[in-house]
**Q** 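One structure, as structure tokens, below. Some questions next.
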Amino acid sequence: MENINITFPDGSVKQFEKGITAFKIAESISHRLADDALAVKVNGETKDLQCKLDTDSTIQFLTFKDEEGKEVYWHSTSHLMAHAVQEIYPEAKFGVGPAIEGGFYYDIDINSPITEEDLIKIENKMLKIAKCNDQFIRQDLSKDEAIKFFKAKGDEYKLEILSGIDENSESVSLYKEGEFVDLCRGPHLPSAGKIKYIKLLNISGSYWRGDEHNKQLQRIYGISFPKKKMLDEHLALLEEAKKRDHRKLGKELELFFFTPKVGAGLPLWLPKGTVLRETLENFLREEQVKRGYLPVITPHIGNIELYKTSGHYPYYKDSQFPTLKFENSAEEYLLRPMNCPHHFQIYSSKMRSYRDLPLRLAEFGTVYRYEQSGELNGLTRARSFAVDDSHIFVRQDQLKDEICNVIDLVQTVFSAVGFADFTTELSYRDNNDEKYGGEVELWEKAQKEIKAAADKMNLDYKIVEGEAAFYGPKIDFIVKDVLGRKWQLGTVQIDYVMPVRFDLEYIGSDGKKHRPVVIHRAPFGSLERFIGLLIEHFAGYFPTWLTPVQVTVIPVSQNYVEYAKKVLNSLKENGLRAEIDERNEKIGYKIRECEKNKIPYMLIVGEKEQTAGNISVRKHKEGDKGTLSLNDFIDNITDEIKNKLIN
RNA sequence: GCUGACGUAGCUCAGUCGGUAGAGCACAUCCUUGGUAAGGAUGAGGUCACCGGUUCAAUCCCGGUCGUCAGCUCCA
């Protein structure tokens, strides 16, 4: 019998009989490994443990600790769920059922809606089936055979998937688990018994193949774990996440709210939220002053012709509020969905020289977009929001340096608030010419510039084709919310199209007219979305420089209110955002309220403090910090604010 | 926009198998003047989202509208 060499992740090499299964190798190493292994990676490719090895290979066993191991585990659970659904609803037809980040789903076509109670039924059925511990058996077959099989079964969706498979380049395989057979690439767990703890999380509609013209199937989301503790921890984590939700905290901390009396998706900023927002705005204003930006202010509406010129209207009509017009007039106005056309007019308001460039016009400009009702999501997706917008007009030879400047600004902003966990995407055009304006060569040039700048700034980016704006490629900075949903914050966009449409020009050193390039950029993206993510990032515990109320003065009893007011005044005179709680309550009560309101510092003053002329400091989440002179406290907190410390 | 669920006091939620409602917190008044996460008493608060239908009677059943939530689709 021939032997093959198997290389393990630690570099060691062992000989095995040719044709041995990965599972046998695991067994030969330890029972523990054979038990924990879910799948195997052979020469970089994930496979079933039952796969046979015929050549020298490098292998790595995948357990639930590995991302790929989890993927296999959840993918197999989705099959198990489909199996359970098939038993309960024999008429069910199946779409796709992949593993996703944090679990799995399966799209199912059943006529009656699935309810929450049904989920429990399905869950119980799954556990029952898992106990049978049937193996996942792979069967490779030809496309024709597969078509025959699913025709007999009446699974139209599987047939549609099959019709898209090129038999020559992709293998066609089925996986059988008990009575349930599914078209699937695999790999899968050795058997269903590995799946121990299951929770079906929610049900929703989803269009077949993600196309809204297709039928909507019912999607069931779920997650599973090999250990009960893992499931419990995961569910606890989901509960925790809900507590950080900016929509919940926004209400609790009185930052903002929505009311249908004003309109869906139209946020109203309360005083505390406004302080937070203005603090952020001022921070960026100061940065922008240092970097040569010029402030401008423009109206929230504009003549419809402006948007016809820009090309936004009528192509994006669906996502704009209806136009405003008088009955007997041809005049028509649009609530602006973006600020650029206004800024272009400012650029054109006088003759520009090459010496004036880069010209950086900046405005916190509120825009209005009629987002689909189902898309609204607190501050992260609103119908009115302020873009920390700037349009930078540059010469071609200044473009790359200016993109670098802008990236640096975005990085400055992100690091000031401690956003370290973000991803960067370079969005390019794809081959669908209808989606984009301008000449292809200009696009290619712009994409090259953007990439060069991103490389120079050491951005760790991913290139995404087809995600560009219609006027040019862009760099997006993306942060996840508590529920794992991704949101674009900062953005840097290159535009060769608008300068042409608006006939923007400058006089070059040669005395002739030239076309500037425009950079659209917004480090926050929008104040609303940025603050929404910020609330969740800090779970409401903002750093002192940002928090709406920095200090609350708490007199121990009514007798010390006067002294407390003196303390309050000194704090205010030193520019601190301070309040006093002079209510007729015990200090334990007042402290509890401050803690709940996430106020960073409490100054407690009573007999001792009044006599000594000092204060007692309590820091939220930390407790009593002892006594300090008021001046020392003010020095410390002022320092903390000045340095924008994050703790 | 689509599928599903939900909408009861300022907030969090209970409740009514159809007879117009209740708790805790918050709020107000009084007692208490208290030293680091809830002192006590009393009181005020609701067109049960809105509009229509069925019914002797609707917060509850039915239809529509608005809004919220999850997901899909979309996202200049």
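In what follows, chains carry the letters A, B, and so on, assigned in the order in which the sequence lines appear, proteins first and then strands, with residues in each chain numbered from 1.
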**Q** Going by the side chain to side chain contact (heavy atoms under 4.5 Å, CB included) test, name the single residue among A:Val479, A:Val410, A:Leu489 that passes it with A:Phe422.
**A** A:Val479

**Q** With no angle test and no hydrogens, is the base of B:rC75 tied to the side chain of A:Arg369 by a donor-acceptor pair under 3.5 Å?
**A** no

**Q** Report the distance from atom CD1 of A:Ile114 to atom P of B:rA70, rounded to the nearest whole Å.
**A** 20 Å

**Q** Regarding A:Glu467, tell me which of base, sugar-phosphate or nothing describes its non-hydrogen contacts under 4.0 Å with the strands shown.
**A** nothing

**Q** Classify A:Tyr221 by what it touches in the nucleic acid, base, sugar-phosphate, or nothing, heavy-atom distance under 4.0 Å.
**A** sugar-phosphate

**Q** What distance, rounded to whole Å, do you find between the two P atoms, one in B:rC13 and one in B:rG7?
**A** 11 Å

**Q** Taking for each residue the nucleotide of RNA chain B with the nearest heavy atom, is it A:Ser206 or A:Ala264 whose nucleotide lies nearer the 5' end?
**A** A:Ala264

**Q** Which part of the nucleic acid does A:Asn202 contact within heavy-atom distance under 4.0 Å: base, sugar-phosphate only, or nothing?
**A** sugar-phosphate

**Q** Without decimals, in angstroms, what is the distance between A:Phe385 CZ and B:rC75 C1'?
**A** 9 Å

**Q** Picking from B:rG4, B:rA37, B:rA70, which would you name as closest to the side chain of A:Asn377?
**A** B:rA70

**Q** Tell me: CD of A:Glu593 to C1' of B:rC25, nearest whole Å?
**A** 11 Å

**Q** Please determine whether the number of non-hydrogen atoms from other residues, nucleotides or ligands lying under 6.0 Å from atom CD of A:Glu622 exceeds 12.
**A** yes

**Q** With RNA chain B as reference, determine whether A:Ala468 or A:Asn559 sits nearer its 5' end, using the nearest nucleotide of each.
**A** A:Asn559

**Q** Please state whether the base of B:rG35 and the side chain of A:Glu609 form at least one donor-acceptor pair under 3.5 Å?
**A** yes

**Q** Establish, yes or no, whether the cationic atom of A:Arg529 lies under 6.0 Å from the six-membered ring centre of A:Phe524 and within 45° of the ring axis.
**A** no

**Q** Which part of the nucleic acid does A:Gly210 contact within heavy-atom distance under 4.0 Å: base, sugar-phosphate only, or nothing?
**A** sugar-phosphate

**Q** List the residues meeting side-chain contact (heavy atoms from CB on, under 4.5 Å) with A:Leu238, not counting sequence neighbours, and say none if there are none.
**A** A:Leu201, A:His234, A:Leu235

**Q** With a non-hydrogen cut-off below 4.0 angstrom, is A:Arg247 in contact with a base, only sugar-phosphate, or nothing?
**A** sugar-phosphate

**Q** Can you tell which of B:rC27, B:rG34, B:rG71 lies closest to the side chain of A:Tyr589?
**A** B:rC27

**Q** In whole Å, what separates the C1' atom of B:rC11 from that of B:rA5?
**A** 22 Å

**Q** Heavy-atom count check: over 12 atoms from other residues, nucleotides or ligands less than 6.0 Å from A:Glu562 CD?
**A** no

**Q** B:rG34, B:rA37, B:rG35: which one has an atom nearest the side-chain heavy atoms of A:Ser616?
**A** B:rG35

**Q** Please list all pairs passing the ring-ring contact (aromatic ring centres under 6.0 Å, His included) test where one or both residues lie in residues 592-622 of chain A, with sequence neighbours left out.
**A** A:Tyr541-A:His620, A:Tyr601-A:Phe633

**Q** Calculate the interatomic distance between A:Asp481 atom CG and B:rC69 atom P; express it in whole Å.
**A** 12 Å

**Q** Taking only the side-chain nitrogens and oxygens of A:Tyr106, find out if one of them lies under 4.0 Å from OP1 or OP2 of B:rG71.
**A** no

**Q** Would you name the heavy atoms of A:Pro473 and A:Ala446 that are closest together and state the gap between them?
**A** CG-CB, 3.6 Å

**Q** Looking only at atom C1', what distance separates B:rA49 and B:rC56, rounded to whole Å?
**A** 27 Å

**Q** Test A:Asn614 against A:Ser629 for side chain to side chain donor-acceptor pair (under 3.5 Å), laying out the working first.
**A** CA-CA 5 Å; A:Asn614 59 17; A:Ser629 79; over 6 Å; no

**Q** Please work out if A:Arg336 contacts a base, only the sugar-phosphate, or nothing of the nucleic acid, heavy-atom cut-off 4.0 Å.
**A** nothing

**Q** Of all the choices, B:rC11, B:rG34, B:rU68, which nucleotide is nearest to the side chain of A:Lys251 once you look at every atom?
**A** B:rC11

**Q** What's the closest nucleotide to the A:Ser204 side chain, out of B:rA70, B:rU36, B:rG34?
**A** B:rA70

**Q** Return yes if the base of B:rG1 and the side-chain atoms of A:Tyr207 contain a donor-acceptor N/O pair under 3.5 Å, otherwise no.
**A** yes

**Q** Among the nucleotides B:rU36, B:rG71, B:rU68, which one has an atom lying closest to any side-chain atom of A:Leu376?
**A** B:rU68

**Q** For B:rC51 and B:rU42, measure between their C1' atoms and round to the nearest Å.
**A** 40 Å

**Q** So, A:Tyr471 and A:Gln493: side-chain donor and acceptor under 3.5 Å apart, yes or no?
**A** yes

**Q** Give a yes or no on whether a donor-acceptor pair under 3.5 Å exists between the nucleobase atoms of B:rC2, that is its base, and the side chain of A:Glu212.
**A** no

**Q** Could you measure between the two C1' atoms, the one in B:rC31 and the one in B:rC69, and give it in whole Å?
**A** 45 Å

**Q** Let's test your reading of the model: under 3.5 Å, does the base of B:rC72 pair with the side chain of A:Arg209 as donor and acceptor?
**A** no

**Q** Select base, sugar-phosphate, or nothing to describe what A:Gly606 touches, counting heavy atoms under 4.0 Å on all strands.
**A** base

**Q** How is A:Pro260 classified with respect to the nucleic acid when contacts are heavy atoms under 4.0 Å: base, sugar-phosphate, or nothing?
**A** sugar-phosphate

**Q** Counting only side-chain heavy atoms from C-beta out, which of B:rG39, B:rC72, B:rU36 sits nearest to A:Arg618?
**A** B:rU36

**Q** Sort out for me which residue in A:Ile108, A:Thr115, A:Ile114 forms a side chain to side chain contact (heavy atoms under 4.5 Å, CB included) with A:Ile203.
**A** A:Ile114

**Q** Looking at the angle O4'-C1'-N9-C4 for a purine or O4'-C1'-N1-C2 for a pyrimidine, is B:rG45 syn or anti, with syn meaning within 90° of 0?
**A** syn

**Q** Could you check A:Leu483 against A:Glu536 for side-chain contact (heavy atoms from CB on, under 4.5 Å), going step by step and ending with a plain yes or no?
**A** CA-CA 10 Å; A:Leu483 298 174; A:Glu536 302 190 354; over 6 Å; no

**Q** Which nucleotide in the list B:rC11, B:rC72, B:rG35 gets nearest to the side chain of A:Ile604?
**A** B:rG35

**Q** For a quick check of understanding: with a heavy-atom distance under 4.0 Å over all strands, which category does A:Leu201 fall into, base, sugar-phosphate or nothing?
**A** nothing

**Q** Roughly how many Å apart are B:rA21 and B:rA28, using the P atom of each and rounding to a whole number?
**A** 27 Å

**Q** A:Glu371 has an atom CD; how far is it from atom P of B:rG67, in whole Å?
**A** 14 Å

**Q** For B:rG4, take OP1 and OP2 only and decide whether either is under 4.0 Å from a side-chain N or O of A:Arg219.
**A** no

**Q** Whole-Å distance between B:rG71 P and A:Ile108 CD1?
**A** 18 Å

**Q** Could you state the atom-to-atom distance from CG of A:Leu266 to P of B:rU68 in whole Å?
**A** 10 Å

**Q** Calculate the interatomic distance between A:Ile554 atom CD1 and B:rA38 atom P; express it in whole Å.
**A** 13 Å

**Q** From the set B:rA37, B:rG71, B:rG34, return the single nucleotide nearest to any side-chain atom of A:Ser557.
**A** B:rG34

**Q** What contact category does A:Glu607 fall into here, base, sugar-phosphate, or nothing, at under 4.0 angstrom with non-hydrogen atoms?
**A** base

**Q** Taking only the side-chain nitrogens and oxygens of A:Arg485, find out if one of them lies under 4.0 Å from OP1 or OP2 of B:rG71.
**A** yes

**Q** Please, what dot-bracket string fits RNA chain B when only Watson-Crick and G-U pairs with both distances under 3.5 Å count, crossing ones use [ ] and pairs to another strand use |?
**A** (((((((..((((.....[..)))).(((((.......))))).....(((((..]....))))))))))))....

